[in-house]
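Shown next, in structure tokens, is the structure this report addresses.
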Amino acid sequence: MAFTEKDFYAGHFNPKDYLDTYYTFSSAKEHENGFLIFYLKNLHQAFILDDIKGDTLIDIGSGPTIYQFLSACESFQEIVATDYCEQNWEEMQRWLRKEPGAFDWSPVVKYVCELEGNREKWEEKEEKVRRAIKQILKCDVTQPSPLGPVSLPPADCLLSSLCLESACKDLPTFRSALKNISSLVKPGGHLVLCSILEETYYKVGQQPFSCLYLERASVEEALKGAGFAVKWLNETKINLPLSVTDAKAVCVAVAQKCQN
Ligand SMILES: C[S@@+](CC[C@H](N)C(=O)[O-])C[C@H]1O[C@@H](n2cnc3c(N)ncnc32)[C@H](O)[C@@H]1O
């Protein structure tokens with residue numbers, strides 16, 4: 001399908017439909033939730049077991065979701081969320097401010113608390129995430145300075161899930177987007193990248209969006225080309241209905257920005 005660029009996202013990406021389709025979590029939807037469970041386990045691995053920690057973390061292309069912060073908030077006190085689209089900032093704000101109609105993340109939060117051995121209650125974890133997210137900024141990964149005029153000190157860690165393959169029309173653009181975002185992290189800092197593999201489209205409500213077809217090797221090469229050393233990369237097959245997406249697999253990579 002034709003590439004759906006950022007302004008198409010701004011006009012057509014419905015955060016509520018997106019959350020309902022991909023982040024409604026229940027044991028009855030084990031297949032549909034497969035990719036989310038895999039991401040949560042690997043984020044737990046990165047931020048809790050591997051002990052990637054520091055002061056600041058920037059999440060690139062956060063969309064309306066907060067699942068990616070549930071383990072990270074144990075290791076980073078300051079989280080900056082970013083996205084190109086205003087409707088996504090608003091949807092995230094609804095949850096941060098506990099406003100009526102906010103998405104119910106509690107089943108996902110409870111799952112992560114279980115992974116962590118219930119060190120804290122799920123309500124406390126939600127509050128920790130709310131406290132950690134200090135700002136939501138506009139970002140465009142296709143620009144050399146993705147945060148535009150906003151200048152932040154280089155972060156200790158970058159996180160990004162399912163954004164670059166949505167935002168990039170081809171592999172050269174994907175490679176340069178990784179270089180663009182690498183300017184936001186310190187040398188020696190980490191990048192945790194959650195990607196979807198072998199996907200050409202996904203639907204949000206009835207609206208299809210294009211996806212850059214990626215294979216594991218192209219993710220690894222692009223990371224190396226952008227100056228990152230890959231520490232580990234885990235991949236698993238997924239099984240979502242074709243009415244929603246043609247994705248075949250997901251992967252999580254942990255990489256470290258090389259010292260110059
Ligand atoms: C599939 S969603 C991923 C959202 C979330 N990170 C997740 O894990 O579910 C893709 C996101 O990329 C954002 N996006 C699209 N083009 C972008 C661009 N050029 N720069 C930054 N974000 C962009 C969209 O607004 C959308 O929120």
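Atoms considered below: every heavy atom in the structure, side chains included; atoms not considered: hydrogens, waters and symmetry mates. For ligands, and for the atoms within them, numbers begin at 1 and follow the listed sequence.
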Please report whether ligand 1 has a polar contact with [X], defined as an N or O pair separated by less than 3.5 Å (distance criterion only).
X	answer
Val141	yes
Tyr202	no
Ser166	no
Asn88	yes
Gln68	no
Thr142	no
Tyr9	no

In terms of atom number and element, which parts of ligand 1 are under 4.0 angstrom from non-hydrogen atoms of [X]?
X	result
Gly63	4 (C), 27 (O)
Asp83	11 (C), 13 (C), 24 (C), 25 (O), 26 (C), 27 (O)
Ser161	3 (C), 5 (C), 6 (N), 7 (C), 8 (O)
Tyr84	17 (C), 21 (C), 22 (N), 23 (C)
Gly61	4 (C), 5 (C), 6 (N)
Ala167	16 (N), 17 (C), 18 (C), 19 (N)

Side chain to side chain, [X] and [Y], heavy atoms closer than 4.5 Å:
X	Y	value
His190	Phe47	no
Thr236	Phe35	no
Ser71	Val112	yes

Given that the side chain starts at C-beta and the backbone is N, CA, C, O, which of these parts of [X] lies under 4.0 Å from ligand 1, counting heavy atoms, or is it both or neither?
X	value
Tyr23	side chain
Thr65	side chain
Ser62	backbone
Tyr18	side chain

[X] side-chain N/O to [Y] backbone N/O, donor-acceptor pair under 3.5 Å:
X	Y	value
Asp156	Thr56	yes
Asn180	Val141	yes
Asp246	Tyr201	yes
Asp7	Ala10	no

At what distance is the nearest protein heavy atom to [atom], and which residue and atom is it?
atom	answer
atom 12 (O) of ligand 1	Cys163 SG, 3.7 Å
atom 19 (N) of ligand 1	Asp140 OD1, 2.9 Å
atom 21 (C) of ligand 1	Cys139 O, 3.3 Å

Review point. Among side-chain atoms of Asp50 and Gln45, is any donor-acceptor pair under 3.5 angstrom?
Key: yes
Revision key, fill the gap. The residue among Trp105, Trp95, Tyr39 that forms ring pair (Phe, Tyr, Trp, His ring centres under 6.0 Å) with Tyr23 is Trp105
Review point. Measuring from the heavy atoms of Tyr67, does anything fall under 4.0 Å of ligand 1?
Key: yes
Review point. Between SG of Cys73 and CG of Leu57, what distance do you get to the nearest 0.5 Å?
Key: 10.5 Å
Check your understanding: Does Leu19 share a hydrophobic cluster with Leu43, counting links as ILVMFWY side-chain heavy atoms below 4.5 Å and allowing steps through other members?
Key -> yes
Practice item. Apply ring-ring contact (aromatic ring centres under 6.0 Å, His included) to the pair Phe25 and Tyr111, showing each step before the final yes or no. Key: CA-CA 9 Å; Phe25 196 69; Tyr111 180 81; 5.5 Å; yes
**Study point:** Cation over ring face, Lys203 and Phe209, 6.0 Å, 45°
**Key:** no
